[in-house]
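Notes for the one structure printed next.
Keep in mind that what you see is a predicted model, and the values were worked out from it rather than measured. All ligand and atom numbering here is 1-based and tracks the order in the structure.
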Amino acid sequence: TRLIEFKNVNKEYKSGDYILKAMDNVNFTIDEGEFVVILGPSGAGKSTLLNLLGGLDSVSSGEIIVNGSHIESFDDDQLTNYRARNVGFVFQFYNLIPNLTALENIELMKDVVDFDINGLAVLDAVGLKDHADHFPAQLSGGEQQRVSIARAIAKRPSMLLCDEPTGALDSKTGALILALLQDMCEKLNTTVVIVTHNAILSEAANKVIRIKNGQIESVIVNEMPKKVS
Ligand code: ADP
Ligand code: ADP
């Protein structure tokens with residue numbers, strides 16, 4: 001079933017009397033449980049797209065429909081609620097809170113959901129139960145990204161939005177993180193959307209959406225994505 005639809009989405013940034021079109025009539029759909037890679041060079045509009053989908057920024061015109069709701073017409077309270085319930089964010093540089101342990105970083109999410117979170121169980125799911133009491137600085141980059149994925153899935157979001165999730169990692173560690181995201185997508189039936197400039201990630205995807213200059217160049221469905229390990 002359909003989870004996400006972008007319909008004629010435009011996003012303009014104004015600087016002085018110059019208008020930059022960061023999203024130029026963008027249309028695409030994503031189904032529940034899909035593993036999607038949005039691929040494009042720097043400046044293509046990838047972060048803009050992710051911010052719009054994640055309810056962090058608003059469109060200039062067009063529609064964004066998620067689970068049947070028009071999020072482009074949400075007010076601030078509705079957007080806060082939407083982000084809390086639907087969206088798990090994963091960033092290139094992890095964005096963990098440095099003075100909290102791995103477990104505490106995950107348990108923070110208790111404040112945004114209305115069910116109980118078993119932080120240790122979630123850490124176990126990403127293979128880091130033994131590191132519950134470690135602070136971010138005591139963890140490798142790959143481990144920090146695992147904690148940030150655990151934090152994101154703890155909310156049981158309908159989608160994981162990942163901005164260059166392997167961008168700060170060496171290729172071996174990057175592959176392990178990609179494998180973990182693929183695993184989560186399959187096991188939890190969570191829709192995963194990754195934006196990246198790194199074409200190697202697209203091997204793992206069910207759907208690859210290429211963007212350039214704020215426009216969709218192509219949408220390719222891959223029935224047999226590579227199982228990363
Ligand atoms: P990507 O993530 O693919 O590198 P972005 O979505 O960050 O691309 O940016 C797309 C375009 O929009 C770029 O030309 C960028 O300079 C511009 N842009 C992004 N954010 C802003 C902003 N807040 N104000 C003005 N221009 C912006
Ligand atoms: P090989 O040379 O055998 O392809 P790699 O470790 O380079 O070994 O890649 C194995 C797989 O891991 C790739 O096909 C790709 O799916 C994934 N991968 C490699 N590098 C990265 C990276 N930087 N980020 C994410 N995934 C990666």
Does the distance from a Lys or Arg side-chain N to an Asp or Glu carboxylate O, for Arg85 and Asp114, drop under 4.0 Å?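 Yes, Arg85 and Asp114 are salt-bridged.
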Identify whether the distance between the nearest side-chain nitrogen and carboxylate oxygen of Lys226 and Glu203 falls below 4.0 Å.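 Salt bridge present between Lys226 and Glu203.
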[atom] - nearest protein heavy atom and its distance:
atom	result
atom 6 (O) of ligand 1	Thr48 OG1, 2.6 Å
atom 4 (O) of ligand 1	Gly43 N, 2.7 Å
atom 27 (C) of ligand 1	Tyr13 CD1, 3.3 Å
atom 7 (O) of ligand 1	Ser47 CB, 3.8 Å

Just jot down the ligand 1 atoms closer than 4.0 angstrom to any heavy atom of [X], in number order.
X	value
Ala44	1 (P), 3 (O), 8 (O)
Pro41	3 (O)
Ser42	4 (O)
Ala22	12 (O)

Just wondering, are more than 12 heavy atoms of other shown residues or ligands nearer than 6.0 Å to CG in Asn95?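 Buried by this count: over 12 neighbours within 6.0 Å.
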Count the heavy atoms belonging to other residues, nucleotides or ligands that lie under 6.0 Å from NZ of Lys21, then report whether that count exceeds 12.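 Enclosed.
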Any Gly214 heavy atom less than 4.0 Å from ligand 1: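 No, that is not the case, since the closest heavy atom of the residue is not under 4.0 Å from the ligand.
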Whether Gly40 lies under 4.0 Å from ligand 1, heavy atom: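 No, Gly40 has no heavy atom closer than 4.0 Å to ligand 1.
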Return the minimal non-hydrogen interatomic distance between Val126 and Met184, and the atom names on each side. CG1-CE, 3.9 Å
Do any N/O atoms on Gly45 end up under 3.5 angstrom from N/O atoms on ligand 1?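 Yes: some nitrogen or oxygen of Gly45 is under 3.5 Å from one in ligand 1.
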Contact (N/O only, under 3.5 Å) between Leu20 and ligand 1: no
Aromatic ring pairing Phe6/Phe28, orientation class (parallel under 30°, perpendicular over 60°, tilted between): parallel
How are the rings of His131 and His134 set relative to one another: parallel (under 30°), tilted (30 to 60°) or perpendicular (over 60°)?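 Correct class here is tilted.
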Assess, by modelled atom type and distance only, whether the side chains of Asp133 and Thr101 contain a donor and an acceptor separated by less than 3.5 Å.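 There is no such pair between these side chains.
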Does ligand 1 have a heavy atom under 4.0 Å from the side chain of Ser15, from its backbone, from both, or from neither?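 Under 4.0 Å from ligand 1, Ser15 contributes no heavy atoms.
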What's the spacing between Asn86 CG and Leu53 CG if we round to 0.5 Å?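 CG of Leu53 is found 10.0 Å from CG of Asn86.
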Is the closest protein non-hydrogen atom to atom 16 (O) of ligand 1 under 4.0 Å? no
